[in-house]
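Proteins come first, then strands; the chains are lettered A, B, ... in the order of their sequence lines, and each starts at number 1. Since we're looking at a predicted model, the values are computed, not measured. All heavy atoms count here, side chains included; hydrogens, waters and symmetry mates do not.
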Amino acid sequence: MTNLLVGLNDPQREAVTTIDGPVLTLAGPGSGKTRALTHRIAYLIQECGIAPWNILAVTFTNKAAKEMRNRLLTMLSENQVYYVSVGTFHSLCARWLRREIEVLGYYDTNFVIYDTNEQQTIVKKALREMDLDEKRWRPNAMHRVISNAKNEMITPDKLPVRTYQEEIAARVYEQYQKLMQQNNAMDFDDLLLITHLLFQSQPEVLAKYREQYQYVMVDEFQDTNMVQYQLVQMLAGKHGNIFSVGDIDQGIYSWRGADYRNVLNFQKDYPTHKLIRLSQNYRSTDTIVNAAKHIISKNTQRIENELFTERGLGHKIKQVEKYDAEEEADYVVSEVRRLNDEENIPAGDVAVMYRTNAQSRLLEEAFIRQSMPYLLLRGIKFYERKEIKDLLAYLRVLHNPADSLSLSRIINVPARGIGAKTISKLDRWAFSQNLSPLKAILRLGVELNLQNHPFSTRSKRVLTGFGQLLDRLFVAKENLSLPDFFDFLVARSNYKEFTKDGSEEGEERWENLLELRRSMTSFGPTSAVEVLGEFLENVALVADADMLTEENSATALLTLHTAKGLEFPVVFIVGMEDGLFPHSRSAEDSERMEEERRLAYVGVTRAKDRLYLTRAFRRQRGYSGFYEPSEASRFLSDLPPELVDGGRRSPRKSSTISRPKNKSTRWGSTKKSATPTKTTVSYKIGEKVTHAKFGKGTVISTKIDRGEEYVQVAFEGQGIKTLAVSFAKLERS
DNA sequence: AATGTGTTCTTTTTT
DNA sequence: AGAACACATT
């Protein structure tokens with residue numbers, strides 16, 4: 001027996017050694033699928049003599065790809081690992097397109113990837129060009145329609161136009177695509193869609209990749225969408241050596257076009273497939289595995305795969321209920337500290353997970369208040385900073401001169417006297433000359449006695465000045481390494497002194513830019529022109545989870561979605577409240593409710609040793625600043641009492657509902673108020689009341705502020721009013 | 001052209 | 001409550 005098979009259980013071994021034909025591996029959480037995948041790759045290379053470049057492995061995140069590579073390095077030589085294609089669908093597609101796209105004729109190899117914000121801007125531009133009112137046609141909604149269409153491979157002309165709404169949407173979609181192409185830009189969906197189109201329309205290109213990828217492996221199959229599935233099918237065409245790994249119970253991205261039914265489709269499309277079940281969980285204690293099973297067992301859309309573990313019972317799940325969300329956050333942080341102090345569990349072993357990003361704020365504040373280290377996994381935040389976006393816009397324009405969106409971002413940053421007027425003149429003139437705005441600027445500088453331009457002497461001067469800057473930068477990118485090019489760029493554009501203005505914030509901005517520069521150093525001395533595309537692609541496709549590193553010593557704060565594929569010794573899931581988790585937006589639809597349940601399943605199974613489920617009795621939601629009472633999440637009641645410690649199940653102590661202590665500052669001091677300070681609300685949401693002036697109404701929220709109770713009441717025909725209970729003469733009715 | 005003011009919208013999850 | 005954006009003022 002080869003040592004690649006040592007330490008694997010039977011189904012894992014089967015997964016590793018079944019190399020020919022389609023295989024579907026149902027892998028429960030923590031069942032060692034990454035292990036199976038990596039060993040399989042090593043086995044293919046070492047035992048079966050398959051060349052590394054004949055292997056394609058698709059992961060869900062870049063982090064997973066990196067991890068896979070690292071694990072492979074323990075079994076294979078660096079050279080072998082280098083030639084295996086490992087990546088996410090998006091990054092692999094980007095790479096293929098970079099190489100092949102020019103045959104399509106309407107994109108060039110230097111295309112850039114637009115992020116969500118830029119996609120939004122393009123939608124708005126499309127609306128504006130079509131003279132449609134942004135108020136009436138929500139860019140957000142339009143964008144959703146477009147993205148959904150793309151996920152189902154529907155082109156603008158195929159979009160159903162049964163209603164006026166749909167007709168507009170189809171036209172906006174068409175215009176959107178046109179603008180994207182004009183800018184030589186793609187959105188995330190395009191990366192997949194256009195690759196699909198490329199393979200479909202260029203048989204020789206597809207043949208080449210088919211030939212190359214003799215063995216195709218796809219992880220997280222339950223979260224593939226239609227395009228991704230078809231890409232896999234195309235690539236694996238003849239040989240059908242597809243190894244797919246999935247778990248329907250962990251499908252949590254349907255709202256993004258993913259369809260867990262692809263696992264079932266796989267079974268249908270490849271009737272000869274071998275089915276392997278990885279059911280032994282090596283990650284979590286029996287208690288945690290059991291809890292997870294109780295939660296997921298309520299779902300109807302499943303494939304049976306009975307999970308088990310031999311790790312023993314371990315700690316009970318700790319259920320904690322606090323007075324409000326602030327207290328909940330404080331509890332989490334103090335418990336992290338206690339675990340650290342008393343049980344020797346490093347803070348970096350702990351993760352705090354939540355349903356919505358908005359919940360991170362209170363947690364952050366609590367960590368800061370108690371000066372405990374934390375790591376917020378919302379990676380893009382770095383790239384959302386103005387100075388970073390500006391610099392990236394420069395790089396993108398220099399990489400892809402067609403990118404007029406980025407050009408408009410930097411054309412007057414730092415300020416060089418090119419205002420809105422000049423810009424719109426430029427756009428119109430460029431259009432009339434059939435030039436891109438950037439080309440138009442450059443032309444203005446070259447043809448000195450150009451007559452037919454609309455600019456004032458001053459405007460022309462600043463524009464040509466900007467053109468000269470760009471010219472110099474274009475030359476520099478050929479000759480300098482990426483970091484050196486960065487230095488040249490910030491110096492020549494005056495961006496350095498613009499942003500580093502002596503203020504404290506300026507210093508911070510500059511630090512951020514240096515951080516950006518640091519991320520360039522890994523590209524070595526190769527000239528910027530060679531690596532700029534790859535650099536920008538990396539930036540565009542980073543995922544939140546990619547930030548998390550092995551040696552991280554701070555507690556991770558992340559959404560349940562981001563937590564997918566990760567594991568931690570200790571996990572807190574906060575906000576276990578109906579309406580929040582499961583989210584109210586999923587309440588009406590049983591399909592979506594099942595997905596919430598899967599999300600809970602994913603969250604719970606991230607924990608190795610200890611799991612905390614916390615909730616608050618009241619929490620501020622929405623923008624009103626009003627507290628709303630909340631009910632326990634239905635997922636909590638799915639847990640059998642013997643697995644749980646604390647919460648409502650344990651014999652109730654008188655102080656289960658803790659009252660805020662030392663919170664007089666927040667709710668006003670008792671010194672000043674003449675009336676007794678109220679701490680609890682007397683009205684309930686939904687209660688019917690009558691007001692002398694406004695008539696009948698329904699209480700929709702309540703809050704206490706400075707010892708005074710306020711209610712929001714929806715009055716029939718009068719709208720919503722906020723009333724102070726002690727003043728308004730409200731009668732219960 | 002830069003700065004200030006007001007209005008409106010937003011919160012589900014993300015490559 | 002805060003961001004983003006449109007519009008107005010200096």
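At a threshold of 4.0 angstrom between heavy atoms, the contacts of A540(A) with the nucleic acid are absent. Using a 4.0 Å heavy-atom criterion, one finds that N357(A) contacts the sugar-phosphate atoms exclusively. The residue R619(A) sits apart from the nucleic acid: no heavy atom pair falls under 4.0 Å. Within the nucleic acid shown, S584(A) has no heavy atom closer than 4.0 Å to any nucleic acid atom. Backbone-only engagement by Y253(A) is indicated by non-hydrogen atom pairs under 4.0 Å involving sugar-phosphate atoms exclusively. At the heavy-atom level, I418(A) lies under 4.0 Å from the strands shown only through sugar-phosphate atoms. Among the atoms of the strands shown, none is found under 4.0 Å from any heavy atom of K564(A). Among the atoms of the strands shown, only primed sugar atoms or phosphate atoms (P, OP1, OP2) are found under 4.0 Å from some heavy atom of R138(A).
Side-chain atoms of Y374(A) and E364(A) include a donor-acceptor pair closer than 3.5 Å. Between Q119(A) and H143(A), the side chains place a donor N or O and an acceptor N or O closer than 3.5 Å (distance only, hydrogens not considered). Counting only N and O atoms by type, the side chains of H196(A) and Q230(A) include a donor and acceptor under 3.5 Å apart.
Distances from the side chain of R361(A) to the nucleotides dT14(B), dG2(C), dA6(C) place dG2(C) closest. Taking every side-chain heavy atom of T88(A) into account, dT15(B) is the closest of dT15(B), dT11(B), dA2(B). When distances are taken from the side chain of K124(A) to each of dC5(C), dT11(B), dA1(B), the shortest belongs to dC5(C). Nearest nucleotide to the R128(A) side chain, out of dT15(B), dA6(C), dT13(B): dA6(C).
Atom P of nucleotide dT11(B) and atom CZ of F581(A) are separated by 20 Å, given to the nearest angstrom. We find that CG of D223(A) is positioned 17 Å from P of dT13(B), with the value rounded to whole Å. Residue L191(A) contributes atom CG, which lies 13 Å from atom P of dT15(B) at whole-angstrom precision. Rounded to whole Å, the distance from CG on L362(A) to P on dG2(C) is 13 Å. Taking atom CZ on R385(A) and atom P on dA3(C), their separation rounds to 14 Å, with Å as the unit. Protein atom NE2 of H561(A) is 7 Å distant from nucleotide atom P of dT14(B), rounded to whole Å. Atom-to-atom, CG of L192(A) to C1' of dT15(B) comes out at 8 Å; the value is rounded to the nearest Å. Atom CZ of F60(A) and atom P of dT14(B) are 10 Å apart (whole Å).
Between the side chain of N299(A) and the backbone N or O of E594(A), at least one donor-acceptor pair lies under 3.5 Å. Side-chain atoms of Q222(A) come within 3.5 Å of backbone N or O of D247(A) as a donor-acceptor pair.
Phosphate contact (OP1/OP2 of dT15(B), side-chain N/O of S91(A), threshold under 4.0 Å): absent. The side chain of N412(A) places an N or O atom within less than 4.0 Å of a non-bridging phosphate oxygen (OP1 or OP2) of dA2(B).
In this structure, F188(A) does not pack face-to-face on the six-membered ring of dT14(B), missing the 5.5 Å centre cutoff or the 30° plane limit.
Where A415(A) and T562(A) meet DNA chain B, the nucleotide closest to each residue was compared, and A415(A) sits on the side nearer the 5' end. Position along DNA chain B of the nearest nucleotide to A420(A) versus L599(A) favours A420(A) as the more 5'-ward residue.
Judged by a 6.0 Å distance limit and a 45° cone about the ring axis, R619(A) is not positioned over the six-membered ring of Y627(A).
dA4(C) and dT13(B) have their P atoms separated by 15 Å, with the value rounded to a whole Å.
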